[in-house]
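Notes to accompany the following structure.
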Amino acid sequence: MFVRWSNLTLDGEEQRRLPGYRDEAVVRRFDAPEALETRFYEVRARSVLNRVPAASRMPFRWTINPYRGCTHACVFCFARPTHTYLDFNAGRDFEREIVVKVNAPEVLRTELARPSWKGEHVALGTNTDPYQWVEGRYRLMEGIWEALRDAANPCSVLTKSPLLLRDLNLMRQIAERASFSACLSVPTLDEKAWRATEPHTPHPRARLEAVAELNRAGIPTGVLVAPLMPGINDAPEQLEPLLELAIEAGATSIGGVALHLRGEVRTIFTEWLQAHRPDLVERYEELYRRGAYAPREERERLSRMVRWRGAPGGFRAAGPSPAPAAEERSRGPLTIARQQALF
């Protein structure tokens, strides 16, 4: 029986079997305004270290995702199609049916202790946000950081939430023993664009304040301006204030990546355009007529827009990351910068 967070206020309880999990999930609803229409499926994972397919061309081979689905409800989220593997849909279900791997810290500690584990870099936040709303209730990241710290395992995190500041002391402890870096995703400061495309995310300025606090604490932290969406958040008057604040926050890297529309995300984003920005429908149909990615020249144009007035490039770190080995020192902030390709 799962009892660690039994003191939480809950409303209702049922069970459901999810594909890929041996035991039935306990389904909970929290009596909180932010989660009244959301169900949380507590599952016991058999493994939490996920190997990244070689074909993905990512600079890291391992990830950890303590949650599946995300209440941020970003209309452009590339991870939405992964929910279909659980017999959920990529639309509303991705935002309201959240899987919680309640035993993730314990399983991770066991996996890191195996003789076969070689201490490779582990990236968090590569699928759904590990610091989304529910993390404030389950607090899984504390145990995950403790396991990585005790194993002196290099790692990094990408998030849209300043909630990660709660774990700053643990991050500093990891950084004393291994390579560690962070990155905050901030696509725009524009209030209208933010509320329309990332309806349940923390305020962008709060994210930039978190970047500043992490860097002041000695944690190399960058800013990811992504996705860049033509006609929505790519105007100079939108980008320049964001870049100014990122530089003031001491961002160790600033990168921008163009929107890509793969699988069900294309349909969801197109429906959003039709409802909120019908003036852009024709433009996006042309940009993405050949597939999930915009034409190369458009991607390059958008990427250049964040390399502005001496801003640190998305593939260059402002300083070395503390690590016990030269290889990991060279890989710390760079890992986060190249992680941007996921968006």
Salt-bridge contact Arg92-Glu37 (side-chain N to carboxylate O under 4.0 Å): yes
Are Lys160 and Thr201 close enough that a side-chain donor and a side-chain acceptor fall under 3.5 Å? no
Looking only at the side chains, is there a donor atom on one of Ser179 and His121 sitting less than 3.5 Å from an acceptor on the other? no
Do the side-chain N and O atoms of Arg262 and Tyr293 include a donor-acceptor pair separated by under 3.5 angstrom? yes
Spacing of Ile144 atom CD1 and Leu124 atom CG [to the nearest 0.5 Å]: 6.0 Å
Start with the C-alpha distance between Glu146 and Arg149, add both sets of side-chain angles, then the distance that settles salt bridge (Lys or Arg N to Asp or Glu O under 4.0 Å), and finish with yes or no. CA-CA 5 Å; Glu146 288 169 352; Arg149 175 201 63 195; 5.2 Å; no
With side-chain contact (heavy atoms from CB on, under 4.5 Å) as the test, pick out the partner of Leu245 among Val211, Val223, Leu189. Leu189
Hey, are Ser47 and Glu111 close enough side-chain-wise for a donor-acceptor pair under 3.5 Å? yes
Using the rule that two of Ile, Leu, Val, Met, Phe, Trp, Tyr join whenever any of their side-chain heavy atoms come within less than 4.5 Å, decide whether Phe76 and Trp194 are in one cluster. no
Mind checking whether Tyr85 and Val100 sit in one hydrophobic cluster, side chains of I, L, V, M, F, W, Y counted as touching below 4.5 Å? no
Applying ring pair (Phe, Tyr, Trp, His ring centres under 6.0 Å) to Phe30 and Phe40, what does each step give before you reach the verdict? CA-CA 8 Å; Phe30 290 95; Phe40 299 91; 5.0 Å; yes
Determine whether Phe94 and Cys77 make a side-chain contact, defined as any pair of heavy atoms from C-beta on separated by less than 4.5 Å. yes
Starting from the C-alpha separation in whole Å, work towards a yes-or-no answer on ring pair (Phe, Tyr, Trp, His ring centres under 6.0 Å) for Trp133 and Tyr138. CA-CA 10 Å; Trp133 177 86; Tyr138 283 92; 8.9 Å; no
Between Asn233 and Pro227, is there a donor-acceptor pair closer than 3.5 Å when you use the side chain of the first and the backbone of the second? yes
Where do Asp190 and Lys192 land on the salt bridge (Lys or Arg N to Asp or Glu O under 4.0 Å) test, with the steps shown first? CA-CA 6 Å; Asp190 185 289; Lys192 185 176 180 180; over 6 Å; no
Return the CZ to OG1 distance between Arg207 and Thr159, rounded to the nearest 0.5 Å. 8.5 Å
Quiz question: by atom type and distance under 3.5 Å, do the side chains of Tyr131 and Asp167 form a donor-acceptor pair? yes
Is there side-chain contact between Leu112 and Leu148, with at least one heavy-atom pair below 4.5 Å? yes
Give me the one residue out of Arg266, Glu298, Arg283 that meets side-chain contact (heavy atoms from CB on, under 4.5 Å) with Tyr288. Arg266
Let me see the working for Arg80 and Glu264 under salt bridge (Lys or Arg N to Asp or Glu O under 4.0 Å), right down to the final yes or no. CA-CA 7 Å; Arg80 286 178 175 274; Glu264 292 88 343; over 6 Å; no
Tell me if the CZ atom of Arg172 is crowded by more than 12 foreign heavy atoms within 6.0 Å. no
Angle between ring planes, Tyr284 versus Phe269, binned at 30° and 60°: parallel, tilted or perpendicular? tilted
Tell me whether Glu282 at atom CD has more than 12 heavy atoms from other residues, nucleotides or ligands lying less than 6.0 Å away. no
For the residue pair His83 / Asp93, report whether a side-chain donor-acceptor contact shorter than 3.5 Å exists. no
Evaluate the side-chain proximity of Leu49 to Trp117: yes if any heavy-atom separation is below 4.5 Å, no if none is. yes
Quick check: does any side chain N or O of Arg39 sit under 3.5 Å from a backbone N or O of Glu97, one acting as donor and the other as acceptor? no
Exercise: do His203 and Glu191 side chains pair donor with acceptor under 3.5 Å: yes
Give a yes-or-no answer on whether the side chains of Glu135 and Tyr67 include a donor-acceptor pair shorter than 3.5 Å. yes
